[in-house]
Number of protein chains: 2
Amino acid sequence: MSTSAQKHDVFQAIADPTRREVLRLLAEKELPISELTSHFPISRTAIAKHLHILSEAELVSGRKVGREKRYRLQTEPLTELKQFYEQFWNNKLSMLKYIVEDQEDNGLEVIKPDLDKHKS
Amino acid sequence: MSTSAQKHDVFQAIADPTRREVLRLLAEKELPISELTSHFPISRTAIAKHLHILSEAELVSGRKVGREKRYRLQTEPLTELKQFYEQFWNNKLSMLKYIVEDQEDNGLEVIKPDLDKHKS
DNA sequence: TTGATATGAAACCAAAAGGTTTTATATTTT
DNA sequence: AAAATATAAAACCTTTTGGTTTCATATCAA
C-alpha cells in the first residue's frame, strides 16, 4: 500500500491558525491533548480533530503513554514549504524580473516593474 | 493604507493547489485571466475567484490593460511563510530539543529531533 | 471496585470553499 | 453600429471545515 492517499497535505494543514499555534507549542515539547487544549478557547474534541489533520500531513505523531496520548512535532514535511517559497525567491523565476530588465532574450517575456503605473 | 481587515492570509491563499499553480504561472510572466484559465480544467469565473483570494493576500496584483486585466506576482507576503518555516528549523524552538536532550526527567519527555534526516 | 481522568468516536450544525451558470458591462475590431 | 472579446458580479449548489454535544472506552487512583 502506498502511503500517499493522504487527504490533507502540509499546505492545508498550516492554513488554520489554531493548527499553526499547535505546532508552535509542540515545537517546545511533547504534549498530550488535554494540555494542548488548555491553550485554546475551543473544545478538546476540536483540538483532537486538528491533531488528526496535522497527523495526516505527518506534521505530528502521537504516542500513547498511559491514559494519555502525547503528540510531538515532525518537521520533515515543512521542507515542502521551504521549497515552495524558494521557488519564488532565490531562483530565476522572480529574480529575472528585476535583473534582466533589459535583456528579454530568453523566450520568457520578463515583466518589468511597471513604471507606467506612475504615469498619469 | 493598512487595509488589514483581509479575509484571506497567505497561509490560506496557498492552501489550494490551483492557487499555487497560478502563482507558479505568474512567476514566469504577467498574465490575463483568460490566459491563466487555459491552463486549468475549471471555468474562468473560478479562476477569477482564486485571483481575488490571492489578491486579498497580496500575492498578486492586477492592472487593467485595455479590456483585459493582467495579473502579476507579488512575493513579499511569502516572507511570512519563510518565517514560519524557519521558526521550526533555525531557531531556539527546534534547537531546544537538542539542548535539553539529557534532562528527560520532568514529566514530559523531550523529543529528540528527526532533523538528522535532513541536515547532513 | 469505584470514581475520576484522558481520549476516541459519532451525530449534528452553520459557515466557508470551490465550483457552476447566467446576466451585465466595458473595450476592441470590423 | 454591430459583433466579438474580456471581465465582473450575482445567484445558486455541493462538499469541506471547524466547531459542538453526547456517549463509550481505557487507565489510573483511592
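Here is how names work: the chains are called A, B, and so on, in the same order as the sequence lines, proteins then strands, and each is numbered from 1. Please read all numbers here as calculations on a predicted model, not as lab measurements.
Considering only side-chain atoms of R44(B), the nucleotide from dT7(D), dT27(D), dG18(D) that sits closest is dT7(D). Comparing dT17(D), dA8(D), dG19(D) against the side chain of K49(A) picks out dG19(D) as the nearest. For P32(B), the listed nucleotide lying nearest its side chain is dT7(D); candidates were dT7(D), dA9(D), dG19(D).
A donor-acceptor contact shorter than 3.5 Å links the side chain of R20(B) to the backbone of I14(B). In this structure, Q74(A) contributes its side chain and E58(A) its backbone to a donor-acceptor pair below 3.5 Å.
Considering only residues two or more places apart in sequence or on other chains, F11(B) meets the ring pair (Phe, Tyr, Trp, His ring centres under 6.0 Å) condition with F84(B).
The shortest distance between side-chain heavy atoms of V22(A) and L31(A) does not fall below 4.5 Å.
Rounded to a whole Å, the CZ atom of R63(B) is 16 Å from the P atom of dA6(D). Across the protein-nucleic acid pair, Q12(A) atom CD and dT16(D) atom P stand 11 Å apart, rounded to whole Å. Between the P atom of dT17(D) and the CG atom of D16(A) lies a distance of 11 Å, rounded to the nearest Å. In this structure, CG of L51(A) is placed 12 Å from P of dG19(D), rounded to the nearest angstrom.
Salt-bridge formation is detected for the pair E86(B)/K82(B): a Lys NZ or Arg NE/NH1/NH2 atom is positioned less than 4.0 Å from an Asp or Glu carboxylate oxygen. The existence of a salt bridge linking R19(A) and E21(A) is excluded, since no basic side-chain nitrogen approaches an acidic carboxylate oxygen closer than 4.0 Å.
Residue contacts for E35(B): at a heavy-atom cut-off of 4.0 Å it reaches no nucleic acid atom on any strand shown. Contacts of S34(B) with the nucleic acid, taken as non-hydrogen atoms under 4.0 Å apart, involve only primed sugar atoms and P, OP1 or OP2. Note on H8(B): only backbone sugar-phosphate atoms sit closer than 4.0 angstrom, heavy atoms only; bases stay farther off.
Bounding nucleotides for the chain A contact on DNA chain C, 5' to 3', at a heavy-atom distance below 4.0 Å, are dA4(C) to dA11(C).
Between R19(B) and T45(B), the residue anchored closer to the 5' end of DNA chain C is R19(B), taking for each the nucleotide with the nearest heavy atom.
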